[in-house]
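Start at 1 and go down the list; that is how both ligands and their atoms are numbered. The residues of the chain are indexed from 1 along the displayed sequence.
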Amino acid sequence: MSADKYTEETITSLTKWADNLFSFRTTRQPAYRFIAGQFARLGVRGLEGDIVWRPYSMVSATYDEFLEFYSIIVPDGLFTQRLAKLKVGDTVLVDKTNYGFLTTDRFESGKDLWLLSTGTGLAPFISILYDFKTWEDYEHIVLVHSVRHRHEFAYEQLIGEFKDHEHFAPFAHKLIYQQLVSRDHVDNILHGRITTLLESGDLERAVGFTIDKERARIMICGNPAMVADTRKLLIARGLTMTRSAKPGNIAVENYW
Ligand SMILES: Cc1cc2nc3c(=O)[nH]c(=O)nc-3n(C[C@H](O)[C@H](O)[C@H](O)COP(=O)(O)OP(=O)(O)OC[C@H]3O[C@@H](n4cnc5c(N)ncnc54)[C@H](O)[C@@H]3O)c2cc1C
């Protein structure tokens with residue numbers, strides 16, 4: 001990619017969530033614009049000056065002065081092995097173009113917004129939660145985060161703090177944060193995968209209402225097998241994929 005197509009941003013902070021999970025903030029150019037739910041293309045230079053690029057969802061709000069990203073570290077992963085070595089003050093390249101269609105404007109008005117994620121697939125949903133319009137448009141926002149182990153619930157505290165937030169508190173009763181753990185067994189946390197808990201009805205029982213074709217708008221993000229299987233289950237229940245010509249119930253993003 002030619003140098004006029006990207007900017008050089010500086011890492012301003014790092015947060016470690018687990019051995020293989022961390023978040024980082026970078027500086028942001030005022031001209032860099034995106035819609036909540038979209039992703040950036042990030043580049044990291046190697047020792048020989050070669051650049052590896054990967055898509056990364058924005059975690060930060062569209063109005064934040066920084067960009068924030070939430071990353072896995074893949075053993076032997078070309079990009080994440082480089083990324084994980086960076087420190088505050090180091091440089092990350094950000095493609096000037098914003099990308100992606102996992103945005104609420106792809107839906108016609110609904111009542112219940114279901115945000116279904118595995119692992120780092122949570123990232124775009126934090127940005128969507130920071131969008132005031134999301135809270136205005138929906139009666140319920142159901143954020144489902146599925147991880148393997150209890151300690152992988154990144155952003156748990158931040159999600160819990162919407163109820164105390166000076167701007168979001170009046171709407172915070174709309175948010176239902178449903179954690180799922182697939183490997184550990186933890187008291188008071190649903191055990192299992194999104195697909196099995198949807199099939200059994202346990203997910204909707206825990207949330208307190210069902211996925212209703214007329215009311216539900218559903219975003220699915222993360223592991224491609226989960227995305228494909230969940231989509232299939234929902235389509236079998238009469239829900240439809242959203243398309244630009246024909247808005248429906250479901251929008252998805254695969255992370256690999
Ligand atoms: C639209 C889009 C948005 C994305 N946003 C994010 C994001 O916000 N945070 C993030 O960590 N990744 C995100 N990814 C994945 C990211 O682009 C890279 O794949 C990831 O950083 C690993 O890069 P790598 O070169 O180290 O390994 P790669 O060679 O890219 O991947 C190697 C393998 O690692 C596994 N893997 C890749 N990404 C993940 C992941 N996120 N979680 C679990 N396993 C994974 C897969 O099995 C994959 O085949 C996104 C991908 C897409 C397509």
Fill in: Side chain Lys96, main chain Asp4, donor-acceptor under 3.5 Å
yes
Practice prompt. Have a look at Tyr56 and tell me which of Phe79, Tyr70, Phe39 forms a ring-ring contact (aromatic ring centres under 6.0 Å, His included) with it.
Written response: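 Considering Phe79, Tyr70, Phe39, a ring-ring contact (aromatic ring centres under 6.0 Å, His included) with Tyr56 is found only for Phe79.
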Practice prompt. For Asp112, check salt bridge (charged side-chain N to carboxylate O under 4.0 Å, His left out) against everything at least two apart and list the hits.
Written response: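 Scan of Asp112 (salt bridge (charged side-chain N to carboxylate O under 4.0 Å, His left out), adjacent residues dropped) gives Arg215.
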Practice prompt. Would you check ligand 1 and list the protein residues that come within less than 4.0 Å of it by any heavy atom, ordered by chain and number?
Written response: Phe39, Arg54, Pro55, Tyr56, Ser57, Tyr70, Ser71, Ile72, Val74, Gly77, Leu78, Phe79, Thr80, Thr120, Ala123, Glu253, Asn254, Tyr255, Trp256
Worksheet item: Under a 4.0 Å N-O cut-off, is there an ion pair linking Arg82 with Asp90?
Response: no
Discussion item. Students often mix this up, so state it plainly: with edges at 30° and 60°, are the rings of Trp17 and Tyr155 parallel, tilted or perpendicular?
Written reply: tilted
Item to complete: Determine whether the side chains of Thr118 and Tyr255 contain a donor N or O and an acceptor N or O closer than 3.5 Å.
Response: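 Their side chains do not contain a donor-acceptor pair, so the 3.5 Å distance test is not met.
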